[in-house]
Asks: 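Structure below; questions to follow.
Hydrogens, waters and symmetry mates play no part in the numbers below; they use all other heavy atoms, side chains included. First the proteins, then the strands, lettered A, B, ... as listed; each starts at 1.
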Protein chains: 2
Amino acid sequence: MIKIILAEGHNVVRNGIRLLLDKEADIEVIAEANNAKEVLQLLSDGLKPDIIITAINLPHINGIELLTKVRSTYPEIKLAVLSMVEEEKYIIQAFKAGTTGYMLKSVNEFELVYGIRHMYLVNERYLCNELALRLLDKLLRMPENKFDVHIKDIEISKREVEILSLVSEGFTNQEIADKLFTSKRTIEGHRQDLIAKTGTRNTAALIRYAVLNSIIE
Amino acid sequence: MIKIILAEGHNVVRNGIRLLLDKEADIEVIAEANNAKEVLQLLSDGLKPDIIITAINLPHINGIELLTKVRSTYPEIKLAVLSMVEEEKYIIQAFKAGTTGYMLKSVNEFELVYGIRHMYLVNERYLCNELALRLLDKLLRMPENKFDVHIKDIEISKREVEILSLVSEGFTNQEIADKLFTSKRTIEGHRQDLIAKTGTRNTAALIRYAVLNSIIE
DNA sequence: TGTAAATTAGGTACTTATACTTATTGATTG
DNA sequence: CAATCAATAAGTATAAGTACCTAATTTACA
């Protein structure tokens, strides 16, 4: 039996999730909590869940802080974030804080249950498929795959990359010239060459090109 | 009933997968194939699978090529790659070739079946959890810049994104103003605001910021 | 060792962006 | 209903970048 504490500030949402979980024979919601404090109270009262499912936007103490606290005192308890779509950005923080699972509230009941079982049985972190696909799309969009994005035979020299990088950091031609102990006109010349060879119109477009093609970061 | 063709060059592996799938009431393996040619033959013979599960390292014609061929002739058939660990790198090619699912052979039977159902029922691409975690770790290992910098509560309005996008394409303030039927001074104002709120020094740095933070492409 | 490419540098004219300021309008929201 | 904010717009002055041009070194390499 997988014992769960459900931490979620909104009653409706919490009840909905509970209904879903109660249908499963191998899952038991042993307690619910409205906020982080209640969770910590439950734990110090001696309750021993296998998994704590928590929202991010809990009142007072948010989900990430809760993760950190629980993690340090009860390292054997697994933590799963069930996040609103808008909170996708917390994914990095959550995993750095030691969460085992991260799902968006858009998961269907099958995935919710599957994810919980995966965390408990396979003992592996779980990321919901929608988030996985977002990461995948990021990967697909990344110009790292030099096969088909960096197609054009544009050769950019080391010096040019150096200058491009400084330009992208916001330095002016004069400042770059000073840094590289050369003339402002030289930098201007390089910038011109780069704009010409990349087929861009100005620095803004050049920088976009350079970042998208991983010439610079 | 989810009808499946299983393409895999190694008999032992293929038989193993088949055994797993045959246990499921809603999944039927309607045919097996040793190589890509056999798959194409089966399809031209009129077989209509919902999903083709294929390995990458098929003899003669590899899995990616098979994906492409099937995709162009039978766009309604979903494709799933079941890949050896060593072939992880094909993930990008596979998705670009239109695969719906990608799993490593390290998936357990629950995930294999779950993934198949997910593709078929939810009609969404599926990436196995191990790969999702690898992507996640990539994200976590990345220095602050690439993904999570703009999480610093910087709100960028729709209008600003629109302008940012045009700026990054190389248009001048005047040109952008003409496109948007507004004044050059307005665009200048927006550009200033953006530079201020992103903490950058000029347009070059602003565009770099915007691209790295996926505000624009 | 000769040639191509990279890096350097300058002239001149012109365009564009930036830094500071202020101010009005309309929409949203507590 | 007041407050906030996004979007609008402008003045003024200066800084920076762009479009042409030419041309001298140095470096890489075949």
Side-chain angles (χ1 to χ4, degrees), chain A residues 9-10 57 59-60 84-86 150 152-216, chain B residues 150-213 215-216:
Chain A
H10 306 92
N57 63 337
H60 315 305
M84 302 295 282
V85 179
E86 301 78 39
H150 203 261
K152 299 153 198 157
D153 302 323
I154 295 174
E155 292 293 338
I156 289 161
S157 70
K158 245 182 18 205
R159 188 62 154 180
E160 286 175 327
V161 174
E162 192 177 11
I163 289 162
L164 212 36
S165 178
L166 290 167
V167 170
S168 82
E169 285 173 48
F171 296 108
T172 66
N173 289 329
Q174 185 59 65
E175 288 169 337
I176 296 169
D178 292 344
K179 273 182 201 291
L180 303 183
F181 302 107
T182 178
S183 150
K184 178 189 163 194
R185 305 311 311 283
T186 303
I187 308 301
E188 283 177 4
H190 282 302
R191 209 188 268 224
Q192 289 278 106
D193 289 346
L194 283 163
I195 288 171
K197 74 166 70 171
T198 56
T200 49
R201 288 186 57 183
N202 55 30
T203 299
L206 172 65
I207 295 303
R208 169 170 173 263
Y209 180 97
V211 175
L212 288 181
N213 290 290
S214 298
I215 298 165
I216 55 170
Chain B
H150 77 112
I151 287 164
K152 290 171 191 158
D153 296 335
I154 293 175
E155 293 292 341
I156 289 162
S157 71
K158 246 182 17 204
R159 189 60 155 179
E160 286 175 328
V161 173
E162 191 177 12
I163 288 162
L164 212 37
S165 178
L166 290 166
V167 170
S168 82
E169 285 172 48
F171 296 108
T172 65
N173 290 329
Q174 185 61 64
E175 288 169 336
I176 295 169
D178 292 344
K179 273 182 201 293
L180 302 182
F181 304 105
T182 179
S183 148
K184 177 191 161 194
R185 305 311 309 283
T186 303
I187 308 300
E188 284 177 3
H190 283 301
R191 208 189 267 223
Q192 289 278 106
D193 288 346
L194 284 163
I195 288 171
K197 75 166 71 170
T198 56
T200 49
R201 288 187 57 182
N202 54 29
T203 299
L206 172 64
I207 296 302
R208 168 171 174 262
Y209 179 96
V211 175
L212 287 182
N213 291 291
I215 297 165
I216 55 169

Asks: Once salt bridge (charged side-chain N to carboxylate O under 4.0 Å, His left out) is applied, what residue pairs with a partner in residues 175-186 of chain A remain, sequence neighbours excluded?
Replies: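 Passing the test, one end in residues 175-186 of chain A: A:Glu175-B:Arg201, A:Lys184-A:Glu188, A:Arg185-A:Glu188.
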
Asks: Using the salt bridge (charged side-chain N to carboxylate O under 4.0 Å, His left out) rule, collect all pairs that involve residues 158-172 of chain B, keeping only residues at least two apart or in two chains.
Replies: B:Arg159-B:Glu162, B:Glu160-B:Lys197

Asks: Near DNA chain C, under 4.0 Å by heavy atom, which residues of residues 186-196 of chain A?
Replies: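 Within this stretch, A:Thr186, A:His190 sit under 4.0 Å of the strand.
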
Asks: For the pair A:Asn202 (side chain) and A:Ala205 (backbone), establish whether a donor and an acceptor sit closer than 3.5 Å, ignoring hydrogens and angles.
Replies: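 Side chain of A:Asn202 to backbone of A:Ala205: a pair is present.
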
Asks: Name all residues meeting the side-chain contact (heavy atoms from CB on, under 4.5 Å) criterion together with A:Ala210; count only those two or more places apart in sequence or in a different chain, and write none if there are none.
Replies: A:Leu164, A:Ile215, A:Ile216

Asks: For the residue pair A:Ile163 and A:Leu180, establish whether any side-chain heavy-atom pair is separated by less than 4.5 Å.
Replies: yes

Asks: Testing the basics here: between B:Ala177 and B:Ser183, what is the closest heavy-atom pair and its distance to 0.1 Å?
Replies: CB-C, 3.5 Å

Asks: Identify the pairs formed between an N or O of the protein and an N or O of nucleotides 25-30 of chain D at a distance under 3.5 Å, and give each distance.
Replies:
none

Asks: Do the side-chain N or O atoms of B:Ser157 get closer than 4.0 angstrom to the phosphate oxygens (OP1, OP2) of D:dC5?
Replies: no

Asks: How long is the line joining NZ of B:Lys197 and C1' of D:dC5, in whole Å?
Replies: 10 Å

Asks: Between D:dA16 atom C1' and A:Asn202 atom CG, what is the distance in whole Å?
Replies: 13 Å

Asks: Given atom CD of B:Glu160 and atom P of D:dC5, what is their separation to the nearest angstrom?
Replies: 13 Å

Asks: Starting at CZ of A:Phe181 and ending at C1' of C:dT7, how long is that distance when rounded to a whole Å?
Replies: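 Distance check: A:Phe181 CZ to C:dT7 C1' gives 17 Å.
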
Asks: Less than 4.0 angstrom between a side-chain N/O of A:Arg185 and OP1 or OP2 of C:dT7, yes or no?
Replies: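 False: A:Arg185 side-chain N/O out of range (4.0 Å or more) of C:dT7 OP1/OP2.
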
Asks: Considering only heavy atoms, which members of residues 167-175 of chain A lie under 4.0 Å from some atom of DNA chain D?
Replies: A:Thr172, A:Asn173

Asks: Collect all protein-nucleotide pairs involving nucleotides 23-28 of chain C in which both atoms are nitrogen or oxygen and the distance is under 3.5 Å.
Replies:
none

Asks: What is the distance, to the nearest angstrom, from the CZ atom on B:Arg201 to the P atom on C:dA17?
Replies: 18 Å

Asks: Just jot down the side chain to side chain donor-acceptor pair (under 3.5 Å) partners of B:Asn173, sequence neighbours excluded, or say none.
Replies: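 Side chain to side chain donor-acceptor pair (under 3.5 Å) check on B:Asn173 returns B:Arg191.
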
Asks: Could you grab the distance from atom OG1 of B:Thr186 to atom CD1 of B:Ile176, nearest 0.5 Å is fine?
Replies: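 Here the rounded value is 12.0 Å.
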
Asks: How long is the line joining NZ of B:Lys158 and C1' of D:dA7, in whole Å?
Replies: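 Answer to the nearest Å: 13 Å.
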
Asks: If you look at every heavy atom in A:Ser165 and A:Ser168, which pair is closest and at what distance?
Replies: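 Answer, listing the atom of A:Ser165 first, then A:Ser168: O-OG, 2.8 Å.
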
Asks: Over all heavy atoms of both residues, which pair between B:Ile195 and B:Thr198 is shortest? Give the atoms and the distance, please.
Replies: O-OG1, 3.4 Å

Asks: Between atom CZ in A:Arg159 and atom C1' in C:dA5, what is the gap in whole Å?
Replies: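 Between C1' of C:dA5 and CZ of A:Arg159: 16 Å.
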
Asks: Closest heavy-atom contact between A:Ala204 and B:Thr203?
Replies: CB-CG2, 3.7 Å

